[in-house]
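These figures come from a predicted structure and were not determined experimentally.
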Amino acid sequence: MSGYDLPSRLAPGAPRLLIEALVGVGCLGLVVVVRLMLEVVAPHAAPFALAYPAALLSTMLAGWRAGLITVGFAGAGVWYLFLSPEMGFMPLSALDAIDFALNTLAALLVVLIAQLFRASPAGARTQHGLARDLMLRELNHRVKNNFQMVAGLLDMHRRAAPDPVTSQALESVIARVRSLGQAHGALYVPSGDVDVIDFSRYLDHLCRSLSDSLLLNTDVHLECAAESAPMAPERAAALGVVINELVTNAVKHAFPDGRAGAISVSFCRRGDGWRLTVADDGVGLDATAASGAGIGRRLVQAFVRQARGTLAEGAGPGASFIIDLVD
């Protein structure tokens, strides 16, 4: 929680001191709500008890000044409501004054410890990780929007194309731009390592996205099974494009006339490397696809090489593609 530095995240939209004050008062408000509920079952019991978690929460979220604001208002509330014979800031008895001073000191120590943690290497790493996570989220969002914008512009040209051949060619390009966008979008993993990702998580995310976008109105289902494996994001993205292309091609051509079937994507350890398999139980490869002359096949081969893998066709009766990768 120390990484959620609200003043930094909300700046420069609002002054830091204002945000700290709002956090301090907001945490105090939570204390008041809980205190009112406790008054029903335990009137006037342990008046200072809730000041400590409130001080900890406000300091973790916004820093020591927010914690001091919470402690100050909480102490004033306890004095006004609980320690005076009648509500007001009346002089305290010696015992109540000592009790008030010790509890206030304890709350201030909570603020100090929380602030020291925020400033420690562990707290700094937490804040850095969350800041990086926020940056990656924003970058992923912007790149995804760029892919969508390019696809939208190409689609405008497709609709204005004077002949069916041009329109069909642009439609193919649009599909592949969207494929790249989808493969990239699945790379983002909150609080993950920017240099290495878990390919099994990436593959699961990608397969769910493909299933949602391609198979909603079909009798075809997509199966995904993968072993956990660390992988560089650029290599994973290249394999993501390959998977996207092969699965999309299977949906288009392997199950004509509404035929039901299954497409499977598997990733597992094989010897000193890994094997990725994309297969379906459809009608199989036709002569054109098997010849390797299509642009889709060339695209697959190019990205397999980029991922430092080798591509081979598996046995039928449906289509099966095997990509072997060396660590």
State whether the side chain of [X] and the backbone N or O of [Y] hold a donor-acceptor pair below 3.5 Å, judged by distance alone.
| X | Y | result |
| --- | --- | --- |
| R275 | R270 | no |
| T70 | G24 | yes |
| S211 | C207 | no |
| D198 | S200 | yes |
| T248 | E245 | no |

Mind checking the [atom1]-[atom2] spacing from [X] to [Y]? Nearest 0.5 Å is all I need.
| X | Y | atom1 | atom2 | result |
| --- | --- | --- | --- | --- |
| S58 | I69 | OG | CD1 | 8.5 Å |
| M90 | L92 | CE | CG | 11.0 Å |
| E234 | I197 | CD | CD1 | 9.5 Å |
| R308 | D324 | CZ | CG | 14.5 Å |
| L216 | T218 | CG | OG1 | 8.0 Å |
| D281 | I263 | CG | CD1 | 8.5 Å |

- Message: Salt bridge or not between E313 and R297? Use side-chain N to carboxylate O under 4.0 Å.
- Response: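 Judged by the 4.0 Å cut-off on N to carboxylate O distance, E313 and R297 do form a salt bridge.
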- Show your working on side chain to side chain contact (heavy atoms under 4.5 Å, CB included) between R305 and Q301 and close with a plain yes or no. CA-CA 6 Å; R305 287 194 297 271; Q301 291 169 341; 3.9 Å; yes
Looking at every heavy atom in both [X] and [Y], which two are closest together, and how far apart are they?
| X | Y | value |
| --- | --- | --- |
| V283 | R259 | CG1-NH1, 3.2 Å |
| L56 | A114 | CD1-CB, 3.8 Å |
| V31 | L50 | CG2-O, 3.5 Å |
| A107 | A55 | O-CB, 4.3 Å |
| L203 | A226 | CD2-CB, 3.7 Å |
| Q306 | A238 | NE2-CB, 4.0 Å |

If hydrophobic clusters are built by linking Ile, Leu, Val, Met, Phe, Trp and Tyr wherever their side-chain heavy atoms come under 4.5 Å apart, do [X] and [Y] end up in the same one?
| X | Y | answer |
| --- | --- | --- |
| L299 | V251 | yes |
| V241 | L239 | yes |
| I323 | F303 | yes |
| V265 | I322 | no |
| Y80 | V78 | yes |

Test item: [X] and [Y] side chains (from C-beta on) under 4.5 Å apart, heavy atoms:
| X | Y | answer |
| --- | --- | --- |
| L30 | L57 | yes |
| K252 | L214 | no |
| S264 | T277 | no |
| V23 | I19 | yes |
| Y52 | N103 | yes |
| R208 | L222 | no |
| Y202 | M231 | no |
| I243 | L206 | yes |

- Item | Residue N217 excluded, over 12 heavy atoms near CG under 6.0 Å |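 Incorrect, the count does not exceed 12.
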- Query: Is atom CZ of F255 surrounded by more than 12 heavy atoms (other residues, nucleotides or ligands) closer than 6.0 Å?
  - Reply: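 Count over threshold, so yes.
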- Message: If you apply the rule side chain to side chain contact (heavy atoms under 4.5 Å, CB included), what do you find for L108 with V71, and how did you get there?
- Response: CA-CA 7 Å; L108 292 175; V71 172; 4.0 Å; yes
- Message: Applying side-chain hydrogen bond (donor to acceptor under 3.5 Å, both in side chains) to S209 and D212, what does each step give before you reach the verdict?
- Response: CA-CA 5 Å; S209 297; D212 291 341; 5.9 Å; no
- Pairs satisfying salt bridge (charged side-chain N to carboxylate O under 4.0 Å, His left out), at least one member in residues 61-77, at least two apart: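 Passing the test, one end in residues 61-77: E20-R65.
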- Message: Checking F267 now: which residues fulfil ring-ring contact (aromatic ring centres under 6.0 Å, His included) with it, not counting sequence neighbours?
- Response: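 If we apply the ring-ring contact (aromatic ring centres under 6.0 Å, His included) test to F267, skipping adjacent residues, the hits are F199, W274.
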